There are 2 protein chains.
Amino acid sequence: MKRRNTATKEAVLSVLHSSGKAMSQGAIEKKIGVDINRATIYRVLNRYCEDGVLHRIVADNGKQYFALCVRCDENDKPQNHFHFRCSTCETIECLPIPVNFSLPQNYKLETVNCVLTGTCKDCV
Amino acid sequence: MKRRNTATKEAVLSVLHSSGKAMSQGAIEKKIGVDINRATIYRVLNRYCEDGVLHRIVADNGKQYFALCVRCDENDKPQNHFHFRCSTCETIECLPIPVNFSLPQNYKLETVNCVLTGTCKDCV
DNA sequence: TAATTATTGCGATTATGTTGCAATAGTACA
DNA sequence: TGTACTATTGCAACATAATCGCAATAATTA
């Protein structure tokens, strides 16, 4: 399944890049300017996650958010940091705080999803 | 809004107590034996959360799970521990691992929602 | 026992996210 | 440049989780 370059995909990445935060499909659709189908945006986002370009956060409101994969640290997996959801401005940002824990014996880890919710510095 | 004791509420608590894990509305409905309306179960669960009897975890599948509030430590708030979702047996359990972090200045914390996903010790 | 009102069941609704299918449009190659 | 291949898109339908309004029921108190 070779990827193709399309205006839609560029636009989605561009919106995420300029926001600097994690965004939901809905937020992306509002900011993107051009009219792009909901299902298409989801498919683009899912493909980017598969390719390691984005990571997915599921917030405590049950919604998926997507953010550019920027590693806190070369050795960390990109998702292993805390996320902060501001319930006032409804944004999610990646915090530069690594998630530390050690699982009990015989547990196998696949994904880490840590979301702190509250009010961000801009909304206090 | 004074609470009343009903068979439904007792049944929900009892199921959660005997399972020892966090459960979704659907899982509770299956286990509960008697026929209770979906909306009712949700309302019972939400009320218990308000009253501090249960805590709510939103897993990375976007679903809500509910668990009895048992403190890891008297000084910790009950929700500040990691949760583990086994994607094989589809259960969520509270891990005795506290979540540690320090927020940047001017952030106000309301809730903590940390879910690790993978395979639990019983499914490896 | 009667009055008050919390709780419940039912149906409808909202919202998020996915999928099937046909149409469109990148990409590679002659 | 033109053509074939197939990734991508739009649309509609679908699936599921969760909530809400309203009328009926039932727990509590006096």
Side-chain angles (χ1 to χ4, degrees), chain A residues 1-16 22-51 53-67 85 87 90-92 111 113 115 117, chain B residues 1-16 22-51 53-67 85 87 90-92 111 113 115 117:
Chain A
M1 182 85 77
K2 220 175 278 177
R3 302 301 187 207
R4 291 176 181 179
N5 294 323
T6 69
T8 295
K9 291 166 71 176
E10 294 301 321
V12 168
L13 264 200
S14 157
V15 166
L16 281 167
M23 299 176 78
S24 65
Q25 174 276 324
I28 293 171
E29 190 172 342
K30 270 186 207 156
K31 270 268 179 90
I32 209 168
V34 290
D35 203 44
I36 298 175
N37 188 267
R38 193 162 43 103
T40 300
I41 295 180
Y42 275 114
R43 279 186 283 222
V44 167
L45 292 169
N46 286 331
R47 264 178 265 147
Y48 275 137
C49 285
E50 282 172 32
D51 296 347
V53 176
L54 300 180
H55 64 277
R56 183 194 321 262
I57 309 114
V58 179
D60 55 342
N61 57 5
K63 286 171 64 175
Q64 300 183 357
Y65 291 76
F66 301 86
R85 176 166 80 91
S87 51
E90 275 308 332
T91 61
I92 293 202
T111 60
N113 195 76
V115 181
T117 301
Chain B
M1 183 82 80
K2 221 175 276 177
R3 302 299 188 211
R4 290 177 182 177
N5 295 323
T6 69
T8 294
K9 290 167 73 176
E10 295 301 322
V12 168
L13 265 201
S14 157
V15 166
L16 280 167
M23 299 177 78
S24 65
Q25 173 276 327
I28 293 171
E29 191 172 341
K30 270 187 208 157
K31 271 268 177 87
I32 208 167
V34 290
D35 202 43
I36 300 175
N37 187 268
R38 191 160 44 100
T40 300
I41 297 181
Y42 275 114
R43 278 185 285 223
V44 167
L45 293 169
N46 285 330
R47 265 178 265 146
Y48 274 138
C49 285
E50 283 173 30
D51 296 347
V53 176
L54 300 180
H55 64 277
R56 182 196 318 267
I57 308 115
V58 179
D60 55 342
N61 57 4
K63 285 173 64 174
Q64 300 182 357
Y65 292 77
F66 301 85
R85 177 167 80 90
S87 52
E90 274 308 332
T91 62
I92 292 203
T111 60
N113 194 78
V115 181
T117 302

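A, B, ... follow the sequence lines: proteins, then strands. Residue 1 opens every chain. The model shown is predicted, which means the values in this text are computed figures rather than measured ones. Heavy-atom basis, side chains included; hydrogens, waters and symmetry copies ignored.
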Enumerate the protein-to-nucleotides 24-29 of chain C contacts in which both atoms are nitrogen or oxygen and the separation is below 3.5 Å.
{"residue": "C:dG26", "atom": "N2", "partner": "A:R4", "partner atom": "NH2", "Å": "2.6"}
{"residue": "C:dG26", "atom": "N3", "partner": "A:R4", "partner atom": "NH1", "Å": "3.1"}
{"residue": "C:dT27", "atom": "OP1", "partner": "A:N5", "partner atom": "N", "Å": "2.9"}
{"residue": "C:dT27", "atom": "OP1", "partner": "A:N5", "partner atom": "ND2", "Å": "3.4"}

In whole angstrom, give the distance that lies between atom CG of A:L45 and atom P of C:dT19.
-> 15 Å
To the nearest 0.5 angstrom, please state how far the CE atom of B:M23 sits from the CG atom of B:L45.
-> 10.0 Å
With a 4.0 Å cut-off on heavy atoms, is A:S24 in touch with a base, just the backbone sugar-phosphate, or nothing at all?
-> nothing
Which atom pair, heavy atoms only, marks the closest approach of A:S24 to A:Y65?
-> N-CD2, 3.6 Å
From CD of B:E50 across to P of C:dT7 the rounded distance in Å is 10 Å
Within this structure, what is the CD-to-P distance between A:E90 and C:dA15, rounded to whole angstrom?
-> 14 Å
Could you work out which one of D:dA18, C:dT18, C:dG9 sits closest to the side chain of B:R43?
-> C:dG9
Taking CG from B:N61 and P from C:dT16, how many angstroms apart are they, rounded to a whole number?
-> 17 Å
Using a cut-off of 4.0 Å on non-hydrogen atoms, how would the nucleic acid contact of A:Q64 be classed: base, sugar-phosphate, or nothing?
-> sugar-phosphate
Per the atom types in the model, does the base of C:dG17 pair as donor or acceptor with the side chain of A:R38 at under 3.5 Å?
-> yes
Phosphate-side-chain proximity, A:K63 and C:dG17, N/O vs OP1/OP2 below 4.0 Å = no
Closest to side chain of A:R47, choosing from C:dT19, D:dT19, D:dT8 = D:dT8
With respect to the side chain of A:N37, which nucleotide from D:dC11, D:dC20, C:dG17 is positioned closest?
-> D:dC11
May I ask you to check whether B:N113 and B:R56 show a side-chain donor-acceptor distance below 3.5 Å?
-> no
B:E29 CD to D:dT16 P: how many Å, rounded?
-> 14 Å
To the nearest Å, give me how far apart CG (B:D60) and C1' (C:dG17) are.
-> 15 Å
Contact under 4.0 Å: A:Y42 side-chain N or O vs C:dG17 OP1/OP2 | yes
Side chain of A:A39 only, please: which of C:dT8, D:dC11, D:dT19 is the nearest?
-> D:dC11
Candidate nucleotides C:dT18, D:dT8, D:dA18, ranked by approach to the side chain of A:N46 - the nearest | C:dT18
